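Written out below as structure tokens is the structure these notes cover.
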Amino acid sequence: MRLHRAELFTVEMPLVSPFATSFAVQTHRQLTLLRVETDAGVGWGECVAMADPLYSSEYLAAAGQVISDFLLPRLRGKDLSASAVSHLLGPVKGHRMAKATVEMALLDAELRGASMSLSDYLGGVHDRVPSGVSVGIMDSVEELLAAVGGYLEEGYQRIKLKIQPGWELEPVRAVRREFGDIALQVDANAAFTTADVRLFQQMDEFGLLLVEQPLEDEDLTDHAFLAARISTPVCLDESVVSAKSAADAIALGACSVVNIKAGRVGGYLEARRVHDVCAAHGVPVWCGGMVETGIGRAANMALAALPNFRLIGDTSASDRFFTTDIITQPFVIEDGYVAVPRGPGLGVEVDEQALAAVTVARTEIAL
Ligand SMILES: O=C(O)CCC(=O)N[C@@H](C(=O)O)c1ccccc1
């Protein structure tokens, strides 16, 4: 497969409501899409980095520059296969979300040309996945309960609550009291320290599925210290950046569940390797979301269909975050599930008009 043309789209999509985490309050999702033209067909990749380096060190402007100045030039004129892209991009240090974007676009093009769905290519075993939703930090417990009630009404099978110092025991206790033993977990986005062990021991009373990334990204031994003192399973997100780092975290006892986000680990092929390493250790995984458009959401649904994705992910419908998605058939929740695309490649089609309406800039990359 040869790469003939590449174009970056800078996109800004308004969120249906502000989404607050321990590190930011988002009212819009700014993101970058990569469109490639190859002799196998057109492919799309979505960069999950944020506009600011608050979730990880990557950020959108840098990712766009790395893609155009350092990643795509390494593919110029080469006879490519998507599975070889990560090797070709390997010499470039870090920038995993940027690399994931390039690999995803080429994987989409290659699979469309081969009339194979991403789910089949990755080894998906389900044609629908249970749907979970991420609920941000709210201004009041009443507002939180109304939001959670609404999502449960829509059929979401798992609720993830964002927490931070000052917004932790009270909201979780209120949700437990109001809605009983629903599937419930929390995500701290690294907002706590080992001084908070007592707080997480108190959280054990809520019977949570897991507590996600309570401590700093690099704090593997501190996560192991915490995990040894609480009964709630510890799940890592930001700390796991590759299959090797997943194996290290598991070996250190830092986690017993892993949140897999393809962008965070460098692509969907590395995401499958993380899945396989975790499966080999008997560690269940789930698919984390990064407020993706239907393009990234489609790839996540394919990934979430793999057999060791045994916990419910952030596999929400398009309208969880956006009134209008940029694909022709937005994802919807049906009986608590979302369908896994079965068409070639990502299995979704970009709605050119809807995309144009949220495109802030288009940049042709010289190849
Ligand atoms: O369902 C979704 O797509 C969002 C899930 C979610 O909470 N993502 C958070 C996170 O910390 O995991 C996030 C969103 C955007 C950017 C960074 C992180």
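Because only heavy atoms are used, hydrogens play no part in the values below, and waters and symmetry mates are left out as well, while side chains stay in. Because the structure is predicted, anything quoted here is derived from the model rather than measured. Order of listing sets the numbers, starting from 1, for every ligand and every atom in it.
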Sequence-distant partners of F19, ring pair (Phe, Tyr, Trp, His ring centres under 6.0 Å), two or more places apart:
F321
Is any NZ, NE, NH1 or NH2 atom of the basic residue among R35 and E37 found under 4.0 Å from an Asp or Glu carboxylate oxygen of the other?
yes
Charged N to carboxylate O below 4.0 Å: is that the case for R5 and E364?
yes
Could you walk me through whether S242 and R273 satisfy the side-chain hydrogen bond (donor to acceptor under 3.5 Å, both in side chains) test, starting with their C-alpha distance in whole Å, then the side-chain angles of each, then the deciding distance to 0.1 Å, before giving a yes or no?
CA-CA 8 Å; S242 66; R273 287 188 277 270; over 6 Å; no
Between the protein and ligand 1, are there any N or O atom pairs that come within less than 3.5 Å of each other, and if so, what are their names and distances?
{"unit_1": "ligand 1", "atom_1": "3 (O)", "unit_2": "M290", "atom_2": "N", "d": "3.4"}
{"unit_1": "ligand 1", "atom_1": "3 (O)", "unit_2": "V291", "atom_2": "N", "d": "2.8"}
{"unit_1": "ligand 1", "atom_1": "7 (O)", "unit_2": "S134", "atom_2": "OG", "d": "2.8"}
{"unit_1": "ligand 1", "atom_1": "7 (O)", "unit_2": "K162", "atom_2": "NZ", "d": "3.1"}
{"unit_1": "ligand 1", "atom_1": "8 (N)", "unit_2": "G289", "atom_2": "O", "d": "2.9"}
{"unit_1": "ligand 1", "atom_1": "11 (O)", "unit_2": "K162", "atom_2": "NZ", "d": "2.8"}
{"unit_1": "ligand 1", "atom_1": "11 (O)", "unit_2": "N189", "atom_2": "OD1", "d": "3.4"}
{"unit_1": "ligand 1", "atom_1": "11 (O)", "unit_2": "N189", "atom_2": "ND2", "d": "2.7"}
{"unit_1": "ligand 1", "atom_1": "12 (O)", "unit_2": "K261", "atom_2": "NZ", "d": "2.7"}

Ring pair (Phe, Tyr, Trp, His ring centres under 6.0 Å) partners of Y59, counting only residues at least two apart
none
Acceptor/donor pairs from residues 178-192 side chains to any protein atom, 3.5 angstrom cut, sequence neighbours excluded:
{"unit_1": "Q185", "atom_1": "OE1", "unit_2": "R158", "atom_2": "NE", "d": "3.3"}
{"unit_1": "D187", "atom_1": "OD1", "unit_2": "N189", "atom_2": "N", "d": "3.0"}
{"unit_1": "D187", "atom_1": "OD2", "unit_2": "K162", "atom_2": "NZ", "d": "2.6"}
{"unit_1": "N189", "atom_1": "OD1", "unit_2": "K162", "atom_2": "NZ", "d": "2.9"}
{"unit_1": "N189", "atom_1": "ND2", "unit_2": "E238", "atom_2": "OE2", "d": "2.8"}

